[in-house]
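In what follows, a structure is listed as structure tokens, so that the remarks can point back to it.
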There are 2 protein chains.
Amino acid sequence: MTHKKRVTLQDVANHAGVSRATASLIVRGSSKIAEKTKQKVLNSMHELGYVYDRVAANMRSQSSSTVGLIITDIANPFYAELLRGVHHSLEEAGYTVFLGTTFDSDMKQEQLISRMLEHRVGGIILCPVSESSGNSIERVKAIDIPLVLAVREIENVSCDYVGIDYAVGAQMAVNHLIHRGHRRIAFLGGTSHSTAWKERRSGYCSALKQAGLDIDETLIVESPVTREGGMGAIRKVLFQANPPTAVFCFNDLVAHGVMLGLNDAGLKPGQDLAVVGFDNNNEAPLYNPPLTTVSSYARLIGSQAAILLHQRIVNQERDTQRIILQPELVVRKSS
Amino acid sequence: MTHKKRVTLQDVANHAGVSRATASLIVRGSSKIAEKTKQKVLNSMHELGYVYDRVAANMRSQSSSTVGLIITDIANPFYAELLRGVHHSLEEAGYTVFLGTTFDSDMKQEQLISRMLEHRVGGIILCPVSESSGNSIERVKAIDIPLVLAVREIENVSCDYVGIDYAVGAQMAVNHLIHRGHRRIAFLGGTSHSTAWKERRSGYCSALKQAGLDIDETLIVESPVTREGGMGAIRKVLFQANPPTAVFCFNDLVAHGVMLGLNDAGLKPGQDLAVVGFDNNNEAPLYNPPLTTVSSYARLIGSQAAILLHQRIVNQERDTQRIILQPELVVRKSS
DNA sequence: CTGAAAGCGCTTACAG
DNA sequence: CTGAAAGCGCTTACAG
């Protein structure tokens with residue numbers, strides 16, 4: 001592989017017999033250039049194999065055409081969908097996106113933020129880890145470029161945010177179970193430090209209270225937000241003296257784990273025990289049985305976050321926006 | 001949001017009372033600096049909130065700390081896993097990764113490549129679209145920075161490659177079905193222009209031939225590589241005069257679609273008709289019934305590609321490498 | 001449209 | 001360790 005020297009705008013200008021300033025205008029799509037000159041220069045670019053150096057341009061003009069997206073785990077279909085939304089909106093607007101995955105590690109999140117800032121991203125969309133340490137909250141606060149939080153908020157950090165109303169979603173799910181006659185309903189999965197969990201819990205509790213049911217703390221079990229987490233959580237709750245007849249899960253992933261755990265125990269989800277998830281992943285209708293769940297519009301959250309970020313980049317002064325999408329219950333066979 | 005002026009290395013040097021050259025050495029982790037000076041400078045950096053400008057540094061030193069990863073669709077768990085592998089290896093090595101998704105569009109692929117080159121990526125890992133046009137092949141050939149192809153090769157493009165032996169994998173899958181007594185085995189999904197499809201087909205055919213079975217072209221149906229594609233493909237093959245008793249699918253996603261299609265038709269996958277997939281996604285064991293499939297080591301392909309790219313960046317002169325992983329059959333209840 | 005100069009924030013190379 | 005200069009590939013601003 002031979003290493004060619006990079007072709008510069010000066011080379012192009014020389015080749016086309018124009019000044020560098022003119023070439024620069026053309027590469028940026030200025031309309032003030034005579035069509036004939038423009039074609040001449042474009043031909044030269046093509047001939048020389050010129051590649052515009054956006055990095056140099058951004059540096060000189062103190063701008064940026066990149067954006068950072070930080071999520072917790074791409075293996076979670078929720079985030080895969082969110083990423084789709086972000087990419088769709090952002091690439092259309094001409095940004096190139098850096099992707100970082102934290103695997104819910106606080107430290108990793110800090111590293112990624114630093115890395116992206118060092119790379120002069122124009123803004124960051126951050127889906128925070130579920131438990132932000134004090135350090136990492138300070139880190140986020142110290143970000144002095146456009147920042148949009150998605151999915152989870154961080155306490156005491158005020159900036160643009162897109163998420164859904166988890167409390168309402170949880171309430172819908174639990175109400176549904178109550179209407180089906182269930183009185184012992186567990187809430188499984190997630191970690192109590194995250195706002196996303198607290199909100200779900202609050203919705204879960206309101207629904208129970210409204211129905212005149214007591215809250216039984218033994219029916220609330222935290223777990224990692226994975227299939228494995230769900231399998232573990234259902235086990236803990238299944239073998240107690242007075243087991244639940246229905247389960248509201250932190251998300252579909254956990255719900256899937258719960259179903260697998262039930263199968264292991266010889267129980268049929270949807271028949272022996274009702275299961276409701278949260279997210280409405282692409283896979284939810286395909287589970288066995290198809291999963292009743294709350295749609296959390298991952299794709300929409302992503303594209304809204306992207307739009308918010310773009311607007312913030314364009315205008316730093318505008319008021320902070322909070323977009324809270326309303327969830328929707330999708331009833332299937334698991335409940 | 002107030003817009004602070006960026007703190008430069010010069011500012012840090014002034015604050016710490018050293019020269020810019022010294023500060024530069026320290027920020028790059030040189031060991032030739034007295035510990036005391038170093039601490040003084042690091043303190044100043046912290047105090048001023050200095051953010052290293054990697055973009056400027058890379059530009060001056062004609063290097064790069066970014067890498068581009070181009071995949072077809074993040075909603076395919078195979079690519080989600082591959083991405084995990086890439087990120088793991090690459091972030092460890094200090095790169096920040098640009099992600100682009102083509103959705104199997106040739107044009108999008110060209111755009112993404114151009115964008116990434118304009119952003120001075122140090123190298124690209126490309127999972128090519130399934131049907132590369134002449135134009136886009138030329139585009140790929142014209143890439144004059146380190147390039148690693150993954151998952152699919154492109155004809156007449158010679159560069160580092162990581163993939164698995166699809167032919168062998170397909171053969172294993174079909175052999176397995178033959179041993180279970182099946183004689184009419186369909187091959188569903190994928191598009192015939194991709195090498196990944198051709199190789200699978202070749203493995204499918206060899207297995208049939210070895211067993212003395214004829215190849216029936218009506219049992220080979222192409223489709224998009226999605227669940228929907230699988231649902232469509234099984235429909236086409238199910239209602240013919242002499243339907244198959246087993247199906248080998250392009251991948252797990254297609255297989256899942258096939259299962260859903262069977263359910264729709266009132267048939268039970270694994271009982272009325274055997275189904276085998278390809279990839280061994282995280283979800284494969286969780287399908288109903290659990291899916292027999294060929295493991296394609298997505299994660300490993302990703303991390304190997306990352307390693308290859310890193311090596312190529314470090315040493316442009318080394319010989320082209322081709323890493324072909326050997327697949328493995330994972331037998332579950334669907335066959 | 002041209003031309004010459006300055007600057008974005010770094011690294012490089014070198015004399016001291 | 002310092003200091004001064006040059007340069008990475010662009011854009012900006014301005015006089016002509």
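Using a 4.0 Å cutoff to heavy atoms of chain B, the contacted part of DNA chain D runs 5' to 3' from D:dC1 to D:dG9.
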Original post:
Reading DNA chain D 5' to 3', how would its secondary structure be written in dot-bracket notation, given Watson-Crick and G-U pairs with both distances under 3.5 Å, brackets [ ] for crossing pairs and | for partners on other strands?
Top reply: |||.||||||||.|||
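Side-chain contact check for A:D104 and A:T72: no donor-acceptor pair (N or O, by modelled atom type) lies under 3.5 Å. A donor-acceptor pair shorter than 3.5 Å cannot be found between the side chains of B:S24 and B:R20. No donor-acceptor contact under 3.5 angstrom links the side chains of A:T102 and A:S105, judged on distance only. Between the side chains of A:S133 and A:D106, at least one donor N or O lies within less than 3.5 Å of an accepting N or O.
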Original post:
Hey, mind stepping through B:E91 and A:R115 against salt bridge (Lys or Arg N to Asp or Glu O under 4.0 Å) and telling me if it holds?
Top reply: CA-CA 10 Å; B:E91 287 183 353; A:R115 274 266 182 81; 5.6 Å; no
Subject >> side chain to side chain donor-acceptor pair (under 3.5 Å) assessment of A:N43 paired with A:E47 >> reply: CA-CA 6 Å; A:N43 282 339; A:E47 212 166 304; over 6 Å; no
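If you check every strand for non-hydrogen atoms under 4.0 Å, A:R54 touches nothing. Among the atoms of the strands shown, none is found under 4.0 Å from any heavy atom of A:V55.
Residues passing the salt bridge (charged side-chain N to carboxylate O under 4.0 Å, His left out) test with A:R60: none are found, sequence neighbours excluded.
For the pair B:R120 and B:S19, nearest-nucleotide mapping onto DNA chain D gives the more 5' position to B:S19. Taking the nucleotide of DNA chain D with the nearest heavy atom to each of B:L25 and A:L9, the more 5' of the two is matched to B:L25. For A:A23 and A:R20, each mapped to the nucleotide of DNA chain C holding its nearest heavy atom, the one lying further toward the 5' end belongs to A:A23.
Ring pair A:Y95/A:H310 is perpendicular by interplanar angle, where above 60° counts as perpendicular and below 30° as parallel.
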